[in-house]
Peer 1: 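Below is the structure I would like to discuss, written out as structure tokens.
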Amino acid sequence: MYGQTWGGLAGIMVIMVSVCVVLWHVVPQWKLLLWSGTLVVLSLARGFLVAAFQRKAPLGAPIYWWARMHVAGVVASGVMWALPPLFLWPENSPVHQVIWPICIVALAASAVAKYCTWPPAYISYLVLTAVPLSLRLLAEGGLVFTVLGFLGFVFAAILFQTGKMMHNASLRGLLLSIHNETLNSVLSTEKEKEKQLNAQLQQEITKRIRSQEELHHRNQELEQLNSQLTATKNNLESTNTELEQALLDIKQLSGMLPICASCKKIRNDNGYWQQIEIYIRDHADVEFSHGICPDCAATLYPDLIYRK
């Protein structure tokens, strides 16, 4: 609403200057100067108000104070445009009298279009501009002025209805915009959550892939260990078999052996007496090589020993 005020103030200045130029020689000039000067001061004050609002950009509860100040400025401007039909009316020039209906109707229509979002603003301006003008036209009398005065009220009613429709449309648009912003905010939040969930899911997938790779690596190590264990087991079994076979091949001597105290023969399991070297050969898989020790050689071959 404040943003559209700049265009309205510019339009007021253009129409004011045009009216002063056209009516300069028809109505008292001091009245035109007083009216136009007051209108310029009021427009400057409204401009400063708009600039302050745009600079501060208030939100929340303070916005209502600024809305009331805007309505006050619109009402003051409406009052200034309600004065010409009373004090600046060219009494003896019907042609110049038409200037005021044209200008005021244009301002009223512009106010409805610009301030339709805030009914107190455009309704007050419409009433202050259209009603005094219509009453002035009716007061002039005559068929033409009476019809124009009646049309002024009709036109004001049409503008009022148009402003109401525009207000409702803008209100629905505003509510729809707020609803869309809410939906966009919710959608943005959900998208952000979705991104976070996707990131977490991606992390979980990465962890699972790493776990699977590590598990696969562990399985390979286990398979290698199993292979080594299997090979070791096979080696052990082979070694055990060889040992068992060796044990079967080895003939052990165990227990108490009966031996002759004189000839040193050993009695076997069948009761036969065998020379000791034969018995050991049969039971221990040992081969003997015969020789003679020095003592026995001295006993058996004394002559040979003495010769040496």
Side-chain angles (χ1 to χ4, degrees), residues 1-19 35-88 100-137 151-178 181:
M1 185 170 60
Y2 267 94
Q4 296 176 344
T5 303
W6 289 116
L9 294 177
I12 288 174
M13 292 295 100
V14 172
I15 294 177
M16 179 197 69
V17 172
S18 301
V19 169
W35 173 77
S36 61
T38 305
L39 192 57
V40 168
V41 173
L42 178 61
S43 298
L44 290 175
R46 294 182 64 192
F48 284 122
L49 183 65
V50 173
F53 175 82
Q54 292 178 342
R55 183 177 63 256
K56 293 183 178 180
L59 297 173
I63 197 70
Y64 291 101
W65 183 86
W66 289 94
R68 289 191 294 269
M69 294 300 296
H70 183 270
V71 172
V74 172
V75 170
S77 180
V79 170
M80 293 302 300
W81 286 100
L83 295 176
L86 301 177
F87 302 101
L88 299 176
W100 288 116
I102 294 174
C103 296
I104 292 176
V105 167
L107 287 172
S110 176
V112 171
K114 289 183 177 296
Y115 306 140
C116 63
T117 55
W118 192 247
Y122 80 85
I123 292 175
S124 60
Y125 196 86
L126 181 61
V127 171
L128 290 173
T129 54
V131 172
L133 176 64
S134 299
L135 292 176
R136 179 67 190 200
L137 292 173
L151 290 177
F153 285 109
V154 172
F155 186 72
I158 294 174
L159 287 178
F160 173 78
Q161 187 64 26
T162 302
K164 183 178 179 181
M165 294 174 61
M166 293 175 66
H167 171 72
N168 293 334
S170 62
L171 182 61
R172 287 193 298 269
L174 179 61
L175 294 176
L176 183 61
S177 176
I178 294 174
E181 289 181 359

Peer 1: For the backbone of A106 and the side chain of S110, can you confirm whether one donor and one acceptor N or O come within less than 3.5 Å of each other?
Peer 2: no
Peer 1: With a 4.5 Å cut-off on side-chain heavy atoms, are I104 and P132 touching?
Peer 2: no
Peer 1: Where is the tightest heavy-atom contact between V74 and S124, given as atom of each residue plus distance?
Peer 2: CG1-OG, 4.2 Å
Peer 1: Anything under 30° is parallel, anything over 60° is perpendicular, the rest tilted; go ahead and classify W81 against W100.
Peer 2: perpendicular
Peer 1: Could you tell me if the side chain of M13 sits less than 4.5 Å from the side chain of V40, heavy atoms only?
Peer 2: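 Yes. Closest side-chain heavy atoms under 4.5 Å.
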Peer 1: Is there side-chain contact between W66 and K56, with heavy atoms separated by less than 4.5 Å?
Peer 2: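 W66 reaches K56 side chain to side chain.
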Peer 1: Rounded to the nearest 0.5 Å, what separation is found between the CZ atom of F153 and the CZ atom of F160?
Peer 2: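 Atom-to-atom, F153:CZ and F160:CZ are 15.0 Å apart.
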Peer 1: Heavy-atom distance under 4.5 Å between the side chains of M80 and L128, does that happen here?
Peer 2: no
Peer 1: Heavy atoms only: give me the nearest L126-A108 pair and the separation to one decimal.
Peer 2: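 Closest pair (atom of L126, atom of A108, distance): CD1-CB, 3.9 Å.
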Peer 1: Please name the residue in the list L83, I12, I15 that meets the side chain to side chain contact (heavy atoms under 4.5 Å, CB included) test with L39.
Peer 2: I12
Peer 1: Rounded to the nearest 0.5 Å, what separation is found between the CE atom of M69 and the CZ atom of F53?
Peer 2: 12.5 Å
Peer 1: Going from CG on L159 to NZ on K164, what distance comes out if it is rounded to the nearest 0.5 angstrom?
Peer 2: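 Between L159 CG and K164 NZ, I get 15.0 Å after rounding to 0.5 Å.
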Peer 1: Which heavy atom in Y122 sits nearest to a heavy atom in G163, and how many Å separate them?
Peer 2: OH-C, 3.2 Å
Peer 1: Give me the atom names and distance for the closest heavy-atom approach of S77 to R46.
Peer 2: CB-NH1, 3.4 Å
Peer 1: Minimum heavy-atom separation for L9 and S43, please, with both atom names.
Peer 2: CD1-O, 3.8 Å
Peer 1: What pair of heavy atoms forms the shortest contact from C103 to V19, and how long is it?
Peer 2: SG-CG2, 3.6 Å
Peer 1: Is there a donor-acceptor contact under 3.5 Å from the side chain of S170 to the main chain of M166?
Peer 2: yes
